[in-house]
Amino acid sequence: MPTGTEAAVARENLVLEITRVFDAPRELLFTVWSRPEHIVRWWGPEGFRLSHCEMDFREGGNWRFCMSRPGRDHWIHGTYHEIRRPDRLSFTYINDADGHNMLVEIDFIDLGEQTEMRFRQWEFMNVAERNGHRFGWTSTFDILDSYLKTGDRKGD
């Protein structure tokens with residue numbers, strides 16, 4: 001049986017944390033997380049696109065997305081828990097394939113014309129699953145960074 005310290009370290013390994021600075025004001029970064037016309041342009045790792053996007057962007061509202069690539073659909077959904085524009089967003093993240101329920105918290109830190117985004121997702125079933133999500137989110141945030149630089153955002 002693990003000691004309290006060993007159990008705490010093991011649980012810590014099931015948390016994904018990514019901190020990234022975007023060249024965009026905090027309000028804009030929050031907006032592209034909050035509106036479907038933006039989400040469909042950047043959500044999903046390289047090679048995927050959102051083929052389905054439902055968002056009821058309010059606390060207690062649900063979201064449901066399908067990330068697709070040829071031959072594969074990956075359905076995910078959740079519920080928005082906390083929406084504090086423009087500095088905090090939290091929601092559940094559930095993979096339809098396994099039903100595993102995780103929490104995502106995002107803090108948007110104002111740096112003037114830039115925004116530091118602190119992303120945290122947990123608790124993963126295992127380290128391999130966490131590492132797979134690290135790859136997926138890092139790729140997704142690369143696409144988000146490119147999208148923010150395009151200036152091709154209607155209704156910002």
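The ring pair (Phe, Tyr, Trp, His ring centres under 6.0 Å) test applied to Phe48 returns no partner, not counting sequence neighbours. For the ring pair (Phe, Tyr, Trp, His ring centres under 6.0 Å) test, residues two or more places apart in sequence or in another chain that qualify with Phe119 are Trp137, Phe141. The salt bridge (Lys or Arg N to Asp or Glu O under 4.0 Å) test applied to Asp145 returns Lys149, not counting sequence neighbours. Applying the side chain to side chain donor-acceptor pair (under 3.5 Å) rule to Ser51 yields the partners Ser68; only residues at least two apart in sequence or on another chain are considered. With sequence neighbours excluded, the residues satisfying side chain to side chain contact (heavy atoms under 4.5 Å, CB included) with Asn101 are Thr92, Ile94. Remark: Phe135 pairs with no residue by the ring pair (Phe, Tyr, Trp, His ring centres under 6.0 Å) rule, at least two apart or across chains. A search for ring pair (Phe, Tyr, Trp, His ring centres under 6.0 Å) contacts involving His52 returns Trp75, not counting sequence neighbours. For Glu82, the side chain to side chain contact (heavy atoms under 4.5 Å, CB included) partners at least two apart in sequence or on another chain are Glu59, Arg84, Arg88, Ser90. In this view, Gln114 and Val21, Asp23, Leu111 satisfy the side chain to side chain contact (heavy atoms under 4.5 Å, CB included) rule, not counting sequence neighbours. Annotation: salt bridge (Lys or Arg N to Asp or Glu O under 4.0 Å) contacts of Arg85 (sequence neighbours excluded): Glu27. Taking the salt bridge (Lys or Arg N to Asp or Glu O under 4.0 Å) definition, one finds that Arg58 meets it with Asp56, sequence neighbours left out.
Considering only heavy atoms from C-beta on, Arg120 stays 4.5 Å or farther from Val104 through its side chain. The side-chain heavy atoms of Ile106 and Met117, taken from C-beta on, include a pair separated by under 4.5 Å. A 4.5 Å side-chain heavy-atom check between Leu29 and Glu116 finds every atom pair outside the cut-off.
How far OG1 of Thr138 is from CD1 of Ile143: 11.0 Å, rounded to the nearest 0.5 Å. For the atom pair OG1 (Thr140) and CH2 (Trp43), the distance works out to 7.5 Å, reported to the nearest 0.5 Å. With rounding to the nearest 0.5 angstrom, the CG atom of Asp107 is 9.5 Å from the OG1 atom of Thr19. The distance from the CZ atom of Arg64 to the CD1 atom of Ile76 is 9.5 Å, given to the nearest 0.5 Å. Rounding to the nearest 0.5 Å gives a distance of 11.0 Å between CG of Asn126 and CG of Asn13. The distance from atom CZ of Arg41 to atom OG of Ser146, rounded to the nearest 0.5 Å, is 12.0 Å.
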**OP:** Decide yes or no on side chain to side chain donor-acceptor pair (under 3.5 Å) for His74 and Asn95, but give the supporting numbers first.
**Re:** CA-CA 8 Å; His74 180 76; Asn95 289 310; 3.1 Å; yes
**OP:** I would like to know whether Trp33 and Phe91 meet side chain to side chain contact (heavy atoms under 4.5 Å, CB included); could you show each step before the answer?
**Re:** CA-CA 12 Å; Trp33 275 91; Phe91 53 89; 4.1 Å; yes
Subject >> Candidate pair Asp73 and Met67, rule side chain to side chain contact (heavy atoms under 4.5 Å, CB included), full reasoning >> reply: CA-CA 6 Å; Asp73 286 337; Met67 295 187 296; over 6 Å; no
Original post:
Where do His38 and Thr31 land on the side chain to side chain contact (heavy atoms under 4.5 Å, CB included) test, with the steps shown first?
Top reply: CA-CA 8 Å; His38 294 298; Thr31 295; 4.0 Å; yes
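Across all non-hydrogen atoms, the minimal contact from Phe108 to Pro86 is CB-O, 3.4 Å. The two residues Trp63 and Thr79 make their nearest non-hydrogen contact at NE1-N, 3.7 Å. Of all non-hydrogen atoms in Phe30 and Ile83, the two that sit nearest each other are CZ-CG2, 3.8 Å. Closest non-hydrogen pair, Glu17 versus Arg134, comes out as O-NH1, 3.5 Å. Minimum interatomic distance between Ile39 and Met55 (heavy atoms only, all atoms of both residues): CG1-SD, 3.8 Å. A pairwise comparison of heavy atoms in Pro25 and Thr115 identifies C-OG1, 3.1 Å as the closest pair.
Looking only at atom types and distance, the side chain of His77 has no donor-acceptor partner in the side chain of Asn62 under 3.5 Å away.
Centroid-to-centroid, the aromatic rings of His133 and Tyr93 come within less than 6.0 Å.
Side-chain heavy-atom separations under 4.5 angstrom define the hydrophobic clusters, and the remaining members of the one that includes Val15 are Leu103, Trp122.
Listed for the Thr150 side chain is a donor-acceptor partner under 3.5 Å among the backbone atoms of Tyr147.
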